[in-house]
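Step one of this worksheet: look at the structure below.
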Amino acid sequence: MKRYTLLAGFVLAALGAAWAAHAADAKIEALARSCNSCHGLNGVSVGASMPSIGGLSESYLYNVMLQWKHGERYSATMGRHFKGYSDEELAGLAKHFSALPWVPVVQSADARVLAHGKEATERCETCHGATGGQPDDKDTPMLNGQWAKYLELELMKYRTEGVDMPHKKMRKNAQKMGEDADVAAAAKYYAAQPK
Amino acid sequence: MNRFDRRAFIKAAIAAAPASAFLGLPQTAHAAAKARVVVVGGGFGGATAAKYIKLMDPSIDVTLVERNATYTSCPLSNEVISGHGHIEELQVGYDGLGKRGINVVIDEATSLDAAKKTVSLKSGKTLNYDALVLSPGIDFNYTAVEGYSEALANTTHPHAWKAGPQTLALKKKLEAMQDGETFIISVPPKPFRCPPGPYERAAQMANYLRDHGKKKSKVIILDANDSFSKKGLFEQAWKRQYPGMIEWVAGAEGGKVTRMDAKTNTAYTDFHEMKAGVLNVIPPHHAGNIARNAGLANAQGWCEVDMLTMESAVAKDIWVVGDATIHGDLPVYDAPKSAHAASTQAKAAAGAIVAKLNGLPAPEPFFVNTCYSITDEDWGFSVVHIYRVQGGKLVYIKEAGGISPINIPDEPQLKLQRKLEAEYAPGWLKNIMADAFA
């Protein structure tokens, strides 16, 4: 009998801890719900210019949101949002979305564009992996099955002179890409990769 | 599962929906009588509320009543009039919500009884509810403009301030304009649906005229108000893209249209009499008639609500969301009547309703809004609003939000900013529509 009581005590304690953790997360979950409006349910976007964010790494998400909030990274819209959140909330949101699975939205493109894209992404490989799905560190985002339109727009930011994009290497490499056609092909190449 | 467990689980679900692992609760957990929620109105507000209530507590019986089988989004409908979008891209049905276990009833809710907690439908049916979500949108006060009527709106003089057949009717009228004729837009007194909408419409109309050999034509905005949303951004865009084509007449300069003559296509204000090629009068509006008839609206015609939960200030167990409400950090920072505001209000109401039906306190809400406007190809901008609870009160966060930067000295950087937001607008619409209807 004593043993059962003890066991029940352990179970209750464990459940209690789980509930407490959820209570602490309640606010973050409510905040995360509002992200769905633009980034899709579970962070899987269905709009071509809006990135999927579910399953991106915690540190990438956190850093980008912090940089936007503090005006250290250019954004057209997001900076104005994140000035309304505490750093702790941004950390919570990064944790929330990084815990979701990365769901590539595989977009088709014709073989010529893909071949062009493969070539145009040669210097991206070192950090993002051959298909964009094997980033070499936790600060590098997944690109496979990301929306092509979004990737193209991000590359435009890196390629426009004087725009605050703090990642020097990324800026250098994006500017080294030749024509705008290279940019579109590179974006379509990653968008077409399932893994 | 005992009562404590169930409460804890629902609490987690309210917090964690829709990703929560707790959502797969065995049905025995909800053995108690099923709570019934009726949602009236299947626009952004109503559809989002129905979906999130079901996501947060699948045991709740949710019924959505909507009179049209197909919804047409108002956002991006100005672009349909100017020929840059197709109305089909703005349309969605209710199958997605049906698949989520929501009872979708295509019928018209004609009246409600707050004391008996019932909603009457045109078909003669009566629905009982434990909680009612009203998202009735707006209805128009045609009598405010002498000479205008609903019959004219549906035939020769569409306002197109609800997207659908009138959007296409106005498109036809624009296309039939002769070079040199004037397109007049009459803007009603605030508050009205989509605060930047009339000014975006002006740009889109000018866009069509400019690109179809009708550069001698003008767009004149006769405004009952003395200022407008994103004014600096619009004026910058108008000047760059449509120089000399768009004229804005403020209320103080006699912009308020009080009368129109449909036969001669003339608008009358206190100071002016203006003949139009196309006369587009947007009549003043108020909360949807069902809410007004039930006594839920104030003297100005809008529904007052608890700012944190969206529950009606005058009737228990009725939550009002969307354009019908007056919401925000009043009196200065009222929330715009926008799709995004309706969606965020619906999520707050859903959280409050699910909590209440489960005997729990309402979770802390969070309200956000983004409104994009597009004036030309690759030229868009936005306004962001964030409202948070501080000291038990809903507060507009001044440090955040606001409009896109107006002056960016470097031309390529300015063009980048405007292009990004022009591209974000359709991406936003796809996602927020899926968030409500899929």
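In what follows, chains carry the letters A, B, and so on, assigned in the order in which the sequence lines appear, proteins first and then strands, with residues in each chain numbered from 1.
- Atom NZ of B/Lys393 has more than 12 heavy atoms from other residues, nucleotides or ligands within 6.0 Å.
- Remark: side-chain polar atoms of B/Gln413 are paired, donor with acceptor, to backbone N or O of A/Glu161 under 3.5 angstrom.
- Defined by atom type and a distance below 3.5 Å, a donor-acceptor pair is missing between the side-chain atoms of A/Tyr150 and B/Glu423.
- With a 4.5 Å cut-off on side-chain heavy atoms, B/Leu420 and A/Lys157 count as touching.
- A 4.5 Å side-chain heavy-atom check between B/Lys419 and A/Thr160 finds every atom pair outside the cut-off.
- Residue contact with chain A, scored on non-hydrogen atoms closer than 4.5 Å, involves the backbone of B/Val383 exclusively.
- B/Ile386 places none of its side-chain heavy atoms less than 4.5 Å from the side chain of A/Arg80.
- The side-chain heavy atoms of A/Met50 and B/Ile432, taken from C-beta on, include no pair separated by under 4.5 Å.
- A/Gly84 and B/Ala400 get closest at one heavy-atom pair: N-CB, 3.3 Å.
- No more than 12 heavy atoms of other residues, nucleotides or ligands lie within 6.0 Å of CD in A/Glu179, so this atom counts as exposed by the packing criterion.
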For this session: Could you walk me through whether B/Leu55 and A/Arg33 pass the side chain to side chain contact (heavy atoms under 4.5 Å, CB included) test, one step at a time?
Result: CA-CA 11 Å; B/Leu55 279 172; A/Arg33 216 177 286 150; over 6 Å; no
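- Counting non-hydrogen atoms of neighbouring residues, nucleotides and ligands closer than 6.0 angstrom, the NZ atom of A/Lys83 exceeds 12 such neighbours.
- Looking at B/Ser382, the atoms closer than 4.5 Å to chain A (heavy atoms on both sides) sit in the backbone and in the side chain alike.
- Counting heavy-atom pairs closer than 4.5 Å to chain B, the top residue among A/Ala76, A/Ala99, A/Gly79, A/Gly47 is A/Ala76.
- Here the side chains of B/Thr370 and A/His81 are in contact, with some heavy-atom distance below 4.5 Å.
- Interface residue B/Phe366: only side-chain heavy atoms are found under 4.5 Å from chain A.
- The contact between B/Val368 and chain A is made entirely by side chain atoms (from C-beta outward), counting heavy-atom distances below 4.5 Å.
- Of the possible polar contacts, one joining the B/Asn431 side chain to the A/Val46 backbone as a donor-acceptor pair under 3.5 Å is found.
- When heavy atoms are compared at a cutoff of 4.5 Å, B/Leu429 does not approach chain A at all.
- Other residues, nucleotides and ligands contribute more than 12 heavy atoms inside 6.0 Å of the NZ atom of B/Lys230.
- Heavy-atom distances place the side chain of B/His340, and not its backbone, under 4.5 Å from chain A.
- When the candidates B/Ala434, B/Ser404, B/Ser343 are compared by the number of heavy-atom contacts under 4.5 Å with chain A, B/Ser404 comes out ahead.
- When heavy atoms are compared at a cutoff of 4.5 Å, B/Lys415 does not approach chain A at all.
- In terms of heavy-atom proximity, A/Lys27 sits nearest to B/Glu364 at CE-OE2, 3.8 Å.
- Only the side chain of B/Tyr372 comes within less than 4.5 Å of a heavy atom of chain A; its backbone N, CA, C and O stay farther away.
- Scanning both residues, A/Ser49 and B/Tyr424, for their nearest heavy atoms gives OG-CA, 3.5 Å.
- The number of heavy-atom neighbours closer than 6.0 Å to CD of A/Glu125, taken from other residues, nucleotides and ligands shown, is above 12.
- Using a 4.5 Å heavy-atom cutoff, the side chains of B/Tyr52 and A/Asn36 are in contact.
- For a residue to count as touching a neighbouring chain, one of its non-hydrogen atoms must lie under 4.5 Å from one of that chain's; by this rule B/Ile397 touches chain A with the side chain only.
- Nearest heavy atom pair, residue B/Gln417 against residue A/Tyr74, reads OE1-OH, 2.7 Å.
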